[in-house]
2 protein chains.
Amino acid sequence: MPEFKNLCLIRGDQGRTVGDLVDRIGGKWTLLILATLHDGRLRYTELKRRLPGVSHRMLALALRRLHRDGLVTRTSHPEVPPRVEYALTPLAVSLLPHAVALAGWAAEHRAAIDAHRAAFDGDA
Amino acid sequence: MPEFKNLCLIRGDQGRTVGDLVDRIGGKWTLLILATLHDGRLRYTELKRRLPGVSHRMLALALRRLHRDGLVTRTSHPEVPPRVEYALTPLAVSLLPHAVALAGWAAEHRAAIDAHRAAFDGDA
DNA sequence: CAGAATCCCGCCAGATACTG
DNA sequence: CAGTATCTGGCGGGATTCTG
């Protein structure tokens with residue numbers, strides 16, 4: 001059987017891979033931004049509007065990092081007022097299914113985890 | 001085709017799901033610990049030995065959280081000196097494949113991302 | 001051996017204000 | 001509109017010490 005041959009990817013190189021992974025998509029809003037952009041290219045403000053709770057600064061920083069990593073494209077139109085549009089790159093598109101799978105897992109087992117927590121916290 | 005029906009899981013509930021997910025496995029060592037325990041139940045010290053660089057405190061804290069969330073079992077043997085063994089729960093086992101997939105993605109595209117970063121940083 | 005408690009630092013992240 | 005700059009508090013996380 002396939003087994004988890006890729007476990008070495010997690011532990012190999014002294015966890016560098018996981019470290020990098022967390023660095024890239026570990027941000028609080030990163031996955032949310034990518035998921036939102038999956039609907040199509042969006043302007044900065046529209047993106048902000050669709051992400052309730054994100055701060056101005058954090059969205060700008062996250063977008064900057066995503067752009068730097070080649071996960072989103074940034075198209076600045078030379079107009080007044082300025083108009084900037086963000087869109088996913090193929091790289092980001094290839095990442096999304098995995099993120100979605102993880103999100104699905106989280107949603108599916110949230111109740112179980114919460115129950116464990118409650119039981120654990122009950123034993124003071 | 002399936003498409004990403006689960007995208008709603010990422011964005012729904014104002015991102016609570018992703019927030020919870022990051023809270024649970026977003027820790028620096030969490031995934032590493034789970035991956036290491038996939039080899040089988042391990043004692044605290046042995047676990048620490050297999051995770052070069054983890055601090056005493058962080059390992060204890062991470063294990064405590066994992067135990068609280070029902071992702072690992074903690075078996076304390078009443079001996080002197082004490083012996084405590086940790087093992088994965090089925091819940092954690094169901095999570096690992098997804099994590100491995102993400103790690104695989106990170107490893108596969110690390111070069112591309114690094115190239116993007118280099119190009120981006122080149123344009124000062 | 002396993003872990004809890006304490007101290008401390010650096011970064012993440014929010015709020016606010018300023019610029020092109 | 002789309003950012004950047006600055007200040008600030010909170011938390012993650014490391015080193016060390018103490019206990020059963």
Side-chain angles (χ1 to χ4, degrees), chain A residues 14-16 18-33 36-37 41-69 72-87 120-121 123-124, chain B residues 14-16 18-33 36-37 41-69 72-87 120-121 123-124:
Chain A
Q14 296 174 4
R16 264 279 167 64
V18 164
D20 283 9
L21 184 68
V22 171
D23 281 353
R24 258 124 202 181
I25 65 164
K28 193 174 170 185
W29 298 98
T30 310
L31 287 180
L32 253 37
I33 292 172
T36 305
L37 282 177
R41 57 175 46 228
L42 289 176
R43 301 182 54 167
Y44 178 88
T45 303
E46 176 62 14
L47 197 48
K48 183 164 177 4
R49 197 184 61 78
R50 297 198 191 191
L51 295 169
V54 68
S55 72
H56 190 36
R57 178 173 178 266
M58 281 303 108
L59 180 56
L61 283 182
L63 283 172
R64 189 173 174 77
R65 287 210 327 249
L66 287 172
H67 181 213
R68 189 169 104 103
D69 289 350
V72 305
T73 59
R74 181 182 181 277
T75 312
S76 176
H77 298 82
E79 304 171 0
V80 175
R83 180 164 60 97
V84 180
E85 292 181 326
Y86 292 92
F120 185 90
D121 293 343
D123 313 336
Chain B
Q14 296 173 3
R16 266 276 167 65
V18 164
D20 283 8
L21 184 67
V22 171
D23 281 354
R24 256 123 204 183
I25 65 167
K28 192 175 169 185
W29 299 99
T30 310
L31 286 180
L32 253 36
I33 291 171
T36 305
L37 281 177
R41 55 176 47 228
L42 289 175
R43 302 181 54 168
Y44 177 89
T45 304
E46 176 62 15
L47 196 49
K48 184 166 178 358
R49 196 184 62 77
R50 298 200 189 189
L51 295 169
V54 69
S55 73
H56 190 36
R57 177 173 179 267
M58 279 304 107
L59 180 56
L61 282 182
L63 283 173
R64 189 173 174 77
R65 288 211 323 250
L66 286 172
H67 182 213
R68 189 169 102 106
D69 289 349
V72 304
T73 59
R74 181 182 181 277
T75 312
S76 176
H77 298 83
E79 304 171 359
V80 175
R83 181 164 59 97
V84 179
E85 291 181 327
Y86 292 92
F120 185 90
D121 294 342
D123 313 335

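Note that these values count all heavy atoms, side chains included, but never hydrogens, waters or copies made by symmetry. Letters go in sequence order (proteins before strands), and every chain restarts at 1.
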Query - Heavy atoms of other groups near B:Arg64 CZ, more than 12 under 6.0 Å - result: no

Requested in this report: For A:Leu47 and D:dG3, give me the distance from atom CG to atom C1', rounded to whole Å.
Outcome: 14 Å

Report summary line: Taking D:dG14, C:dG3, D:dC1 as options, the one with an atom nearest any side-chain atom of A:Pro82 is D:dC1

**Report entry** For atom CD of B:Glu85 and atom C1' of C:dG3, their distance in whole Å
**Finding:** 16 Å

Query raised in the report: In whole angstrom, what separates B:Lys48's NZ from D:dG14's C1'?
Result: 11 Å

Requested in this report: Using the side chain to side chain contact (heavy atoms under 4.5 Å, CB included) rule, pick out the option among B:Leu32, B:Leu63, B:Val54 that qualifies with B:Leu47.
Outcome: B:Leu63

Report summary line: Assign each of A:Ala60 and A:Pro81 the nucleotide of DNA chain D bearing its closest heavy atom; nearer the 5' end lies the nucleotide of A:Pro81

**Report entry** Side chain A:His56 and base D:dG3 donor-acceptor under 3.5 Å
**Finding:** yes

Query raised in the report: How many Å lie between OH on A:Tyr44 and C1' on C:dG20, as a whole number?
Result: 15 Å

Report task. Send over the distance from A:Met58 CE to D:dG9 C1', rounded to a whole Å. Result -> 13 Å

Requested in this report: Please determine if a side-chain N or O atom of A:Arg74 lies less than 4.0 Å away from the OP1 or OP2 oxygen of D:dA2.
Outcome: no

Requested in this report: Measure the acute angle between the ring planes of A:Tyr86 and A:Tyr44, then classify it against the limits of 30° and 60° as parallel, tilted or perpendicular.
Outcome: tilted

Report task. Rounded to the nearest angstrom, tell me the gap between atom CG in A:Leu59 and atom C1' in D:dA2. Result -> 10 Å

Report task. To the nearest Å, give me how far apart CG (B:Leu61) and P (C:dT6) are. Result -> 14 Å

Query - Salt bridge flag under 4.0 Å for residues B:Glu46 and B:Arg43 - result: no

Query raised in the report: Closer to the 5' end of DNA chain D via nearest nucleotide, is it B:Val54 or A:Arg64?
Result: A:Arg64

Report summary line: Rounded to whole Å, CZ of A:Arg57 lies from P of C:dA17 at a distance of 16 Å

Query raised in the report: Can you tell which of D:dC1, C:dG14, C:dG3 lies closest to the side chain of A:Trp29?
Result: C:dG14

Report summary line: Nearest heavy-atom contact between A:His77 and A:Glu85 is CE1-OE1, 3.4 Å

